Amino acid sequence: QVQLVESGGGVVQAGGSLRLSCVVSGRTFAGIARAWFRQAQGKEREVVATINWSGGSTYYSDSVKGRFTISRDNTKRTVYLQMNSLKFEDTAVYYCAAGPRDSYIDSAYNYWGQGTQVTVSP
């Protein structure tokens, strides 16, 4: 079974930074496409950032562009999300996803982590 485990969430003040990590394990290629989604209370899940197998192609939602950076280390089977200049509006549960190819549509991903809470205080 393929499993994804997120870590790095927590509580920070507005303007602060956090770095999320997601390790994939199981019978899958280390270079599988990866993505970060988030879901705030009362809202639907939305894409945050995606990255292809090599890390050479990335996508960011308009709300995080310029503040967040997605990267990956295939040797460590890990994808990262560096979050800077955090805003109260970034408060959400952040989910790591994996699939056969990179996409900003959540249905394209067939493996999901359990989620990690990010809370930004005003």
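Because the structure is a prediction, the values reported are computed rather than measured.
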| query | Would the number of heavy atoms belonging to other residues, nucleotides or ligands and lying under 6.0 Å from CD of Gln39 be above 12? | reply | yes
Applying side-chain contact (heavy atoms from CB on, under 4.5 Å) to Glu89 and not counting sequence neighbours gives Lys87
Mind checking whether Val5 and Ser21 have side chains closer than 4.5 Å, heavy atoms only? no
Notebook entry, point to check: Would you say Ser107's side chain and Ile105's backbone share a donor-acceptor pair under 3.5 angstrom?
Noted result: no
In short, Arg72 meets Ser54 closest at the heavy-atom pair CD-C, 4.3 Å
| message | Is it the case that the side chain of Thr78 and the backbone of Asp73 share a donor-acceptor pair, with hydrogens and angles ignored and the cut-off at 3.5 Å? | response | no
Looking only at heavy atoms, the pair that brings Leu4 and Gln114 closest together is O-OE1, 3.5 Å
(message) With side-chain contact (heavy atoms from CB on, under 4.5 Å) as the criterion, how do Arg45 and Asp106 come out once you've worked through the C-alpha distance, each side chain's angles and the decisive distance to 0.1 Å?
(response) CA-CA 8 Å; Arg45 184 165 57 191; Asp106 57 1; 3.7 Å; yes
Members sharing Val79's hydrophobic cluster, built from side-chain contacts under 4.5 Å between Ile, Leu, Val, Met, Phe, Trp and Tyr, are Val12, Leu18, Leu20, Trp36, Val48, Ile51, Tyr60, Val64, Phe68, Ile70, Leu81, Met83, Leu86, Tyr94, Val118, Val120
Note to self: Do Arg38 and Glu46 make a side-chain contact, defined as non-hydrogen atoms from C-beta onward lying under 4.5 Å apart?
What the structure shows: yes
Exercise for the section: For the pair Arg67 and Asp90, find out whether any cationic side-chain nitrogen is under 4.0 Å from an anionic carboxylate oxygen. Expected result: yes
Please check if the distance between the ring centroids of Tyr95 and Phe37 is under 6.0 Å. no
Note: Ala33 and Tyr109 closest approach over all heavy atoms is O-CE2, 4.3 Å
Smallest heavy-atom separation, Thr91 atom then Gln117 atom, equals CG2-NE2, 4.1 Å
What one should report as the nearest heavy-atom pair of Gln82 and Ser17 is NE2-CB, 4.0 Å
- prompt: Linking I/L/V/M/F/W/Y whenever their side-chain heavy atoms sit closer than 4.5 Å, directly or via other members, would Trp112 and Ile32 fall into one cluster?
  reply: no
Nearest heavy-atom approach of Thr50 to Ser103 is CG2-O, 3.1 Å
Rounding to 0.5 Å, atoms CZ (Arg77) and SG (Cys22) come to a distance of 11.0 Å
- Is the backbone N or O of Cys96 less than 3.5 Å from a side-chain atom of Glu6, with the two atoms forming a donor-acceptor pair by type? yes
One should read off an interatomic distance between Thr69 OG1 and Asn84 CG, to the nearest 0.5 angstrom, of 6.5 Å
Original post:
Would Ser25 and Val2 count as a side-chain contact (heavy atoms from CB on, under 4.5 Å) if you check the C-alpha gap in whole Å, the side-chain angles of each, and the deciding distance to 0.1 Å?
Top reply: CA-CA 6 Å; Ser25 62; Val2 176; over 6 Å; no
Is the cationic atom of Arg19 (NZ for Lys, CZ for Arg) positioned less than 6.0 Å from the six-membered ring centroid of Tyr80 and within 45 degrees of its normal?
yes
Student check: side-chain heavy atoms of Val24 and Arg34 closer than 4.5 Å:
yes
